[in-house]
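Here, residue 1 is the first one in the sequence, and each next residue gets the next number.
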Amino acid sequence: MKTVSQFVREHTLFNGMPSEQVDFIAGCGQLRRFAKGDYLAQENDAAEFFYLIIEGRVVIETHQLHGSATPLLTVNANELVNWSWLIPPYRHRFDARALTALRTVALNGTCIRKKCDIDPKLGFDLLRRLSAVIISSLHNAQFQLLDVYSTHS
């Protein structure tokens with residue numbers, strides 16, 4: 001069975017990162033499973049973890065005034081969920097719900113922030129990598145929303 005460190009090392013977010021830094025980050029992680037329909041995060045809750053998706057699919061969604069959920073983005077294996085642990089006030093802005101059974105590495109955001117304070121070079125590298133993921137996710141969400149709201153002839 002693979003360890004947290006092995007899963008972190010194999011994740012695209014950490015490609016090319018020195019092994020000692022990957023192991024340093026992996027020390028903040030734990031393997032975690034979710035059943036279909038489980039919430040990884042709920043809007044306005046404290047953002048304590050972010051998740052590397054090993055297996056499964058997640059939907060990022062928000063709620064309209066009448067209460068129904070609106071999907072914004074689908075996240076697949078080898079992607080990550082939740083950035084709110086990175087930016088104060090460390091609260092989730094959206095819901096993240098499992099569309100299928102999930103296997104993840106849950107990384108503790110507080111632990112990661114402390115390690116980045118100890119090693120600012122690591123912090124800068126991680127921020128640069130996460131920024132690229134955030135921009136890519138926003139583009140993917142844009143395309144998914146355009147597809148949902150387009151009129152098909």
Side-chain angles (χ1 to χ4, degrees), residues 1-64 67-116 118-119 122-123 125-141 143-145 147-148:
M1 186 161 166
K2 287 186 183 178
T3 65
V4 169
S5 189
Q6 288 170 315
F7 281 119
V8 171
R9 187 172 284 108
E10 292 171 0
H11 196 277
T12 55
L13 179 65
F14 302 103
N15 280 348
M17 186 177 273
S19 293
E20 61 277 359
Q21 287 185 333
V22 173
D23 291 338
F24 195 49
I25 289 169
C28 293
Q30 60 186 340
L31 298 175
R32 186 150 178 217
R33 293 180 182 268
F34 292 89
K36 179 180 177 180
D38 285 353
Y39 284 89
L40 288 73
Q42 290 190 277
E43 192 172 341
N44 295 318
D45 283 354
E48 297 174 8
F49 292 92
F50 70 106
Y51 301 91
L52 306 179
I53 307 302
I54 298 168
E55 192 175 281
R57 294 178 61 216
V58 177
V59 64
I60 307 301
E61 54 195 6
T62 191
H63 295 275
Q64 297 180 11
S68 67
T70 301
L72 301 172
L73 177 66
T74 304
V75 180
N76 299 300
N78 207 30
E79 296 181 325
L80 65 94
V81 172
N82 295 338
W83 324 311
S84 299
W85 65 274
L86 185 60
I87 302 161
Y90 311 118
R91 304 203 72 74
H92 292 293
R93 308 296 198 276
F94 306 101
D95 288 349
R97 184 174 47 84
L99 288 174
T100 64
L102 295 177
R103 289 180 44 208
T104 72
V105 172
L107 290 163
N108 184 294
T110 302
C111 178
I112 299 283
R113 288 192 308 270
K114 287 179 182 175
K115 289 186 179 203
C116 290
I118 292 167
D119 183 352
L122 169 66
D125 186 24
L126 190 57
L127 181 60
R128 185 175 43 204
R129 291 165 182 270
L130 287 167
S131 296
V133 170
I134 291 167
I135 294 299
S136 176
S137 295
L138 289 172
H139 281 108
N140 291 341
F143 289 122
Q144 280 188 248
L145 288 170
D147 188 51
V148 166

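- A pairwise comparison of heavy atoms in Ile53 and Val75 identifies CG1-CG1, 4.2 Å as the closest pair.
- Remark: side-chain polar atoms of Arg93 are not paired, donor with acceptor, to backbone N or O of Thr62 under 3.5 angstrom.
- Remark: side-chain polar atoms of Asn76 are not paired, donor with acceptor, to backbone N or O of Arg57 under 3.5 angstrom.
- In this structure, CD1 in Ile25 is found 4.5 Å from CG in Leu122, a value given to the nearest 0.5 Å.
- Looking only at side-chain heavy atoms (C-beta outward), Phe49 and Gln30 come within less than 4.5 Å of each other.
- Sorted by first and then second residue, the disulfide (SG to SG under 2.5 Å) pairs involving residues 5-62 (not counting sequence neighbours) are Cys28-Cys111.
- Checked for salt-bridge contact, Arg129 and Asp125 meet the test: a charged N lies under 4.0 Å from a carboxylate O.
- Listed here is the closest heavy atom pair of Phe94 and Ile60: CB-CG2, 3.7 Å.
- Heavy-atom contacts from other residues, nucleotides or ligands closer than 6.0 Å to CZ of Arg91 number more than 12.
- Once rounded to the nearest 0.5 Å, the distance linking CG of Leu126 with CG of Leu13 reads 6.0 Å.
- Here the closest heavy-atom approach between residue His92 and residue Gln42 is recorded as CB-O, 3.4 Å.
- Ser5 and Val22 make their closest contact through O-CG1, 4.3 Å (heavy atoms, listed as atom of the first residue, atom of the second, distance).
- To the nearest 0.5 Å, the span separating CG on Asp23 from CZ on Arg9 amounts to 4.5 Å.
- Atom CD of Gln6 is separated from atom CE of Met1 by 10.5 Å, given to the nearest 0.5 angstrom.
- Using a distance-only test at 3.5 Å, with no hydrogens or angles considered, a donor-acceptor pair links the side chain of Asn108 to the main chain of Thr110.
- Below 30°, between 30° and 60°, or above 60°: for Phe34 and Tyr51 the angle between ring planes is above 60°, a perpendicular geometry.
- Closest of all the heavy-atom pairs between Ala35 and Ala98 is O-CB, 3.4 Å.
- For the side chain to side chain contact (heavy atoms under 4.5 Å, CB included) test with Leu52, the passing option among Leu107, Asn78, Val4, Thr12 is Leu107; the others fail.
- Between the CD1 atom of Ile54 and the CZ atom of Arg33 there is a distance of 8.5 Å, given to the nearest 0.5 Å.
- The minimum heavy-atom distance between Arg97 and Leu40, with the atom names listed, is C-CD1, 4.3 Å.
- Within the model, atoms NZ of Lys36 and CG of Leu102 stand 11.5 Å from one another, a figure rounded to the nearest 0.5 Å.
- Proximity of a side-chain donor or acceptor of Thr104 to a complementary backbone N or O of Arg32 within less than 3.5 Å is detected.
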